[in-house]
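In this text, all values refer to a predicted model and were calculated from it rather than measured experimentally. When a ligand or atom number is given, it counts from 1 through the structure's own listing order.
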Amino acid sequence: MAKLIVKKFGGTSVADVVRIEAVADNVEAEIKRGNKVTVVLSAMGKSTDELIQLAKSINPEPDLREYDALVSTGEQISVALLAMALLKRGIKGKSYTAYQLGIRTNASHARARILEVEVSKITSELNAGIVPVITGFQGMNDQGDITTLGRGGSDTTGVALAVALKADECQIYTDVDGVFTTDPRVYEKARLLKNVSFEEMLELSSSGAKVLQLRAVEYASKYSLPLRVLSSFNNGEGTLVQEEKNIMERPVVSGISSIDTEAKLTIRGVPDLPGIAAKILSPISDAEIEVDVIVQNISAENNTDFTFTVDINDAKQAQEILTETSKSLGGGSVEVDEDIAKISVVGRGMRAHAGVASKMFQALALNEINILMITTSEIKISVVIKKSEMARAVKSLHDTFDLDKELDT
Ligand code: ASP
Ligand code: MG
């Protein structure tokens, strides 16, 4: 039976006309297989970065309505070019902006959330044998203004469209072969994963793996829409991100992610009283700074140290806020450490297996890697260590959990 497939291509996959022609070939091949295709595109190469630079050269903090009006233009270029390339092949490609289709979002410019996707137009185009080529990353708010979905937001457009169209599959094309056991640039023994569960992908994405926008994974997971991550440069099956119950194997550890773009902040000597964590973190979240790992030390003489990590770009602002908080609480010094990395070991099989943590800590100890912070979830154990030890930690853990070997189930 004919399938309906949403294909989303990222920036590197449409970086120049040669790549755009390759995308057109991909679509043509899919149609020849008898399937219906809807395409979602990112902007060409680094053009979104360039647009953001342009905006910032006028004003480092540009008006957000105008920021969105500007940065959404990148996608408009790529969709028109692909439609032309399809038409050249005798395929009825037709470009659409999110605005033309009515992809409705909430009001928050530069990181809008999709509320509703109107698909009647796309459906009738598909029925007429047309291949709709749709701008990723953008939408419109209630005012009729253009919004954008945050960096990497085309993934979310692809997923939202696939959900709304009840597509059989959403394929996310990128410049890597799929999701790996760890970043192949960090360790050459990294192995391509055939399957990964939504939950694992969420943990991996939020702790460093950049193949998919986190929000896109959340969206796909909410609607149980299978996502396939694959390369537009090489042939291959890529990685299927899907519901855990559909995956046969249960590896204890599926992957290791690493991230070295966080900073650690410590506030010393705050009174150890009920409500202290809220007093420290509320002003941080009021400033819309996302907090990741949190540790409160055991108190000595009714005073405690409180440590957490934030994105490195937010470190300065967080430090300023924390310094104020410390004054008002009668606390001590505030320290910032940017020389850190977070390593996370993720696996759906952890639920049924004890001992992963101790195996992980032993491996780090053998390598004389000092652990600064620890945090866990049901399927993840993360440690914060010194940045210079990141690659060594990833390699030793990858070896410890035999991630280079395929399970023989
Ligand atoms: N072009 C946008 C960006 O670079 C959206 C995307 O590529 O997903 O962030
Ligand atoms: Mg992307």
Side-chain angles (χ1 to χ4, degrees), residues 6-17 19-20 22-23 26 38-56 62 64-83 95-99 101 103 105-106 108-114 117 132-141 146-163 170-176 178-179 201 205-206 208-220 225 227-233 238 241 261 311 313:
V6 172
K7 289 176 181 272
K8 180 262 164 180
F9 294 87
T12 48
S13 301
V14 293
D16 51 35
V17 286
R19 297 310 311 159
I20 288 180
V23 169
N26 178 310
T38 298
V39 182
V40 173
L41 296 186
S42 289
M44 294 171 73
K46 299 239 170 288
S47 60
T48 306
D49 291 328
E50 286 158 20
L51 291 167
I52 292 172
Q53 272 321 107
L54 266 180
K56 291 200 166 160
L64 289 179
R65 180 185 181 277
E66 303 314 326
Y67 171 92
D68 278 351
L70 178 73
V71 301
S72 60
T73 59
E75 274 68 13
Q76 219 166 312
I77 295 173
S78 50
V79 291
L81 287 171
L82 179 64
S95 70
Y96 280 104
T97 65
Y99 196 91
L101 293 174
I103 297 182
T105 70
N106 67 3
S108 40
H109 280 292
R111 47 162 175 205
R113 277 180 187 270
I114 292 180
V117 183
V133 184
I134 301 163
T135 52
F137 183 50
Q138 45 171 277
M140 62 181 272
N141 64 19
I146 296 172
T147 53
T148 61
L149 309 178
R151 298 310 306 271
S154 300
D155 290 349
T156 305
T157 309
V159 171
L161 270 166
V163 168
C170 182
Q171 301 176 343
I172 308 267
Y173 285 90
T174 177
D175 52 2
V176 293
V179 182
M201 197 62 232
S205 300
S206 62
K210 287 197 201 69
V211 253
L212 286 172
Q213 199 204 29
L214 182 59
R215 232 182 236 181
V217 186
E218 286 168 353
Y219 206 110
L225 174 89
L227 282 180
R228 191 177 288 283
V229 182
L230 65 183
S231 165
S232 69
F233 294 79
V241 188
T261 53
D311 188 279
N313 295 313

Participant: Within a distance under 4.0 Å of any heavy atom of Arg151, pick out the atoms of ligand 1 and give their elements.
Facilitator: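 Once the distances to Arg151 are compared, the set is 3 (C), 4 (O), 9 (O).
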
Participant: Counting each atom of ligand 1 from 1 as listed, which ones have a heavy atom of Ser42 under 4.0 Å away?
Facilitator: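 It comes down to these atoms of ligand 1: 6 (C), 7 (O), 8 (O).
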
Participant: Given side chains that start at C-beta, do those of Leu230 and Ile172 come closer than 4.5 Å, heavy atoms only?
Facilitator: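 No, their side chains stay 4.5 Å or more apart.
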
Participant: Within the structure, does Lys8 bring an N/O atom to less than 3.5 angstrom of an N/O atom in ligand 1?
Facilitator: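 Looking only at distances, the answer is no, because the N/O contact criterion of under 3.5 Å is not met.
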
Participant: State whether the shortest distance between N or O atoms of Gly152 and N or O atoms of ligand 1 falls below 3.5 angstrom.
Facilitator: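 Yes; the residue has a nitrogen or oxygen that sits under 3.5 Å from a nitrogen or oxygen of the ligand.
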
Participant: Going by heavy atoms in the side chains, are Val229 and Leu212 under 4.5 Å from each other?
Facilitator: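 Yes - at least one pair of side-chain heavy atoms lies under 4.5 Å apart.
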
Participant: Could you go step by step and tell me if Ile103 and Ile114 meet the side-chain contact (heavy atoms from CB on, under 4.5 Å) rule?
Facilitator: CA-CA 7 Å; Ile103 297 182; Ile114 292 180; 4.2 Å; yes

Participant: Pick one of side chain, backbone, both or neither for how Gln213 approaches ligand 1, counting any non-hydrogen atom pair under 4.0 Å.
Facilitator: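 For Gln213, there is no contact with ligand 1 at all, from either part.
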
Participant: Has Arg19 got its NZ or CZ under 6.0 Å from the middle of the six-membered ring of Phe233, at an angle within 45 degrees of the ring axis?
Facilitator: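 Yes, Arg19 lies over the aromatic ring of Phe233.
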
Participant: Under a 4.0 Å N-O cut-off, is there an ion pair linking Arg111 with Asp68?
Facilitator: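 Salt bridge between Arg111 and Asp68, a charged N being under 4.0 Å from a carboxylate O: no.
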
Participant: Counting only nitrogen or oxygen atoms and a 3.5 angstrom limit, does Asp155 reach ligand 1?
Facilitator: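 No, no N or O pair falls under 3.5 Å.
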
Participant: State if Gly153 counts as touching ligand 1 under the rule of any non-hydrogen atom under 4.0 Å.
Facilitator: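 For ligand 1, residue contact (heavy atoms, under 4.0 Å) with Gly153 is present.
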
Participant: Any chance the side chains of Thr97 and Gln76 put a donor and an acceptor closer than 3.5 Å?
Facilitator: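 No pair is found: no donor N or O on one side chain lies under 3.5 Å from an acceptor on the other.
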
